[in-house]
Enquirer: 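Would you mind keeping the following structure in view while I ask a few things?
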Amino acid sequence: MKETAAECRQHFTVASGGWLEVLPEPLVPHRGCRYRQVTRIDVQPGGELFFADLLFPGRVAHGEAWEWEKLQLETEVRFDGELALRERFEQTGPDLRALAELAGSGPEACFGNAVLIAAEQRTDAAWRTHVAALQGEGLWIGISALRKGGWSIKLVASNGMRLRRGLRDVRQALAVRFPRLACEPRKL
């Protein structure tokens, strides 16, 4: 990518009665890269989804933390044809490093974005309390209800290992209420 930019476009569809879990390896932007990722997810009524996207600051061991030129991540989730979530993240490495420092998350801060679409009553708050209780020791978690049909779960961690462990713990906490998350993700 010395000359141009790279782009990834991915589109997932979950039919009624279907379950989709997407847990790709973390995005690790290299020095000088310009990268755009567009994710579109359509979930039909009765379909369920757990989608997680992780962002590391770069190749830390190679001295390339926060050295990317431009990173643009777009996520759009539709449930029953209606927009449930639209996010757009566009940052340079130095700008995101400054934000991480301002937030106090450290020089190796990593970020996670998860979306859960599942059949659940809005009054069932036990799983949200359990997930929120995981916050601490270099991990910050936020949970927001989507306009329709699901939740957005944000994670910020002090480093990559803490983020991976945090996502694992979130999945385990969710598995109590959403049993499809009980399987080992590397065996999907």
Enquirer: Do His130 and Arg177 make a side-chain contact, defined as non-hydrogen atoms from C-beta onward lying under 4.5 Å apart?
Expert: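 Of all side-chain heavy-atom pairs linking Arg177 with His130, none is under 4.5 Å.
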Enquirer: Taking atom CZ of Arg128 and atom CG of Leu116, what is their separation to the nearest 0.5 Å?
Expert: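 Between atom CZ of Arg128 and atom CG of Leu116 there are 10.0 Å.
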Enquirer: If I compare all heavy atoms of Leu139 with all of Gly166, which pair ends up nearest, and what's the gap?
Expert: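 That would be CD2-CA, 3.8 Å.
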Enquirer: Leu27 versus Leu73: any side-chain heavy-atom pair under 4.5 Å?
Expert: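 They are in contact (side-chain heavy atoms under 4.5 Å apart), so the answer is yes.
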Enquirer: Take Val22 and Gln10, measure what side chain to side chain contact (heavy atoms under 4.5 Å, CB included) needs, and give me the verdict at the end.
Expert: CA-CA 11 Å; Val22 180; Gln10 49 193 2; 5.8 Å; no
Enquirer: Measuring only between side-chain heavy atoms, which start at C-beta, is Val43 closer than 4.5 Å to Arg78?
Expert: no
Enquirer: When you look at Leu23 and Leu167, which way does the side chain to side chain contact (heavy atoms under 4.5 Å, CB included) test go after all the steps?
Expert: CA-CA 10 Å; Leu23 295 170; Leu167 182 60; 4.1 Å; yes
Enquirer: Rounded to the nearest 0.5 Å, what separates atom CH2 in Trp140 from atom CZ in Phe111?
Expert: 9.5 Å
Enquirer: Looking at Leu54 and Gly112, what are the two nearest heavy atoms and their distance?
Expert: CD2-CA, 3.7 Å
Enquirer: If you group Ile, Leu, Val, Met, Phe, Trp and Tyr by side-chain heavy-atom gaps below 4.5 Å, do Val60 and Met161 land in one group?
Expert: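 No; Met161 is not reachable from Val60 via cluster members.
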Enquirer: Does the side chain of Lys154 come within less than 4.5 Å of Glu87's, by heavy atoms?
Expert: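 Result yes, sub-4.5 Å side-chain heavy-atom pair found.
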Enquirer: Are the side chains of Arg164 and Pro26 in contact, using a 4.5 Å heavy-atom criterion?
Expert: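 Yes. Closest side-chain heavy atoms under 4.5 Å.
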Enquirer: Can you label the angle between the Trp127 ring and the Phe178 ring as parallel, tilted or perpendicular, going by 30° and 60°?
Expert: perpendicular
Enquirer: Quick one: CZ on Arg36 to CD on Glu90, what's the gap to the nearest 0.5 Å?
Expert: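 These two atoms lie 9.0 Å from each other.
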Enquirer: So which of Glu48, Arg180, Arg171 actually passes side chain to side chain contact (heavy atoms under 4.5 Å, CB included) with Glu21?
Expert: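 That would be Arg171; it is the only one of Glu48, Arg180, Arg171 passing the side chain to side chain contact (heavy atoms under 4.5 Å, CB included) with Glu21.
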Enquirer: Among the clusters formed by ILVMFWY side chains lying less than 4.5 Å apart, do Val170 and Ile143 turn up in the same one?
Expert: yes
Enquirer: Trp19, Ile153: one ILVMFWY side-chain cluster at the under-4.5 Å cut-off?
Expert: yes
Enquirer: So, do Leu71 and Gln91 sit near enough that their side-chain heavy atoms are less than 4.5 Å apart?
Expert: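 In short, these two side chains do not touch, never coming nearer than 4.5 Å.
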Enquirer: Nearest 0.5 Å please: distance from the CZ atom of Arg97 over to the CH2 atom of Trp68.
Expert: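 Between Arg97 CZ and Trp68 CH2, I get 9.0 Å after rounding to 0.5 Å.
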Enquirer: Looking at every heavy atom in both Ala109 and Pro57, which two are closest together, and how far apart are they?
Expert: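 In terms of heavy atoms, the two residues are closest at O-CD, 3.4 Å.
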Enquirer: Take Phe89 and Leu96, measure what side chain to side chain contact (heavy atoms under 4.5 Å, CB included) needs, and give me the verdict at the end.
Expert: CA-CA 10 Å; Phe89 167 93; Leu96 191 55; 3.6 Å; yes
Enquirer: Arg165 vs Glu137, test: salt bridge (charged side-chain N to carboxylate O under 4.0 Å, His left out). Steps then yes/no.
Expert: CA-CA 11 Å; Arg165 194 169 62 246; Glu137 298 178 31; 6.0 Å; no
Enquirer: Any Lys/Arg nitrogen of Arg34 or Glu7 sitting under 4.0 Å from an Asp/Glu carboxylate oxygen of the other?
Expert: no
Enquirer: Tell me the closest heavy-atom pair linking Trp151 and Ala145, and the distance in Å.
Expert: CD1-CA, 3.6 Å
Enquirer: Are Leu20 and Leu85 connected into the same hydrophobic cluster when the rule is that any two of I, L, V, M, F, W, Y join if their side-chain heavy atoms are below 4.5 Å apart?
Expert: yes
Enquirer: Does Tyr35 share a hydrophobic cluster with Val38, counting links as ILVMFWY side-chain heavy atoms below 4.5 Å and allowing steps through other members?
Expert: no
Enquirer: If I compare all heavy atoms of Asp80 with all of Lys148, which pair ends up nearest, and what's the gap?
Expert: OD2-NZ, 3.5 Å
Enquirer: Looking at Gly63, is its backbone amide N or carbonyl O close enough to the side chain of Arg31 to form a donor-acceptor pair, meaning the two atoms are under 3.5 Å apart?
Expert: yes
Enquirer: Show the nearest heavy-atom pair for residues Phe51 and Phe12, with the distance to one decimal.
Expert: CE1-CE1, 4.3 Å
Enquirer: If I take atom CG from residue Leu163 and atom CG from residue Leu55, how far apart are they, to the nearest 0.5 angstrom?
Expert: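 The CG atom of Leu163 sits 9.0 Å away from the CG atom of Leu55.
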Enquirer: Could Arg86 and Glu74 be called an ion pair, given the rule that one side-chain N must be under 4.0 Å from one carboxylate O?
Expert: no
Enquirer: Determine yes or no for a side-chain-to-main-chain donor-acceptor pair under 3.5 angstrom, with Ser144 supplying the side chain and Ser152 the backbone.
Expert: no
Enquirer: Could you grab the distance from atom CG of Leu146 to atom CD1 of Ile117, nearest 0.5 Å is fine?
Expert: 5.5 Å
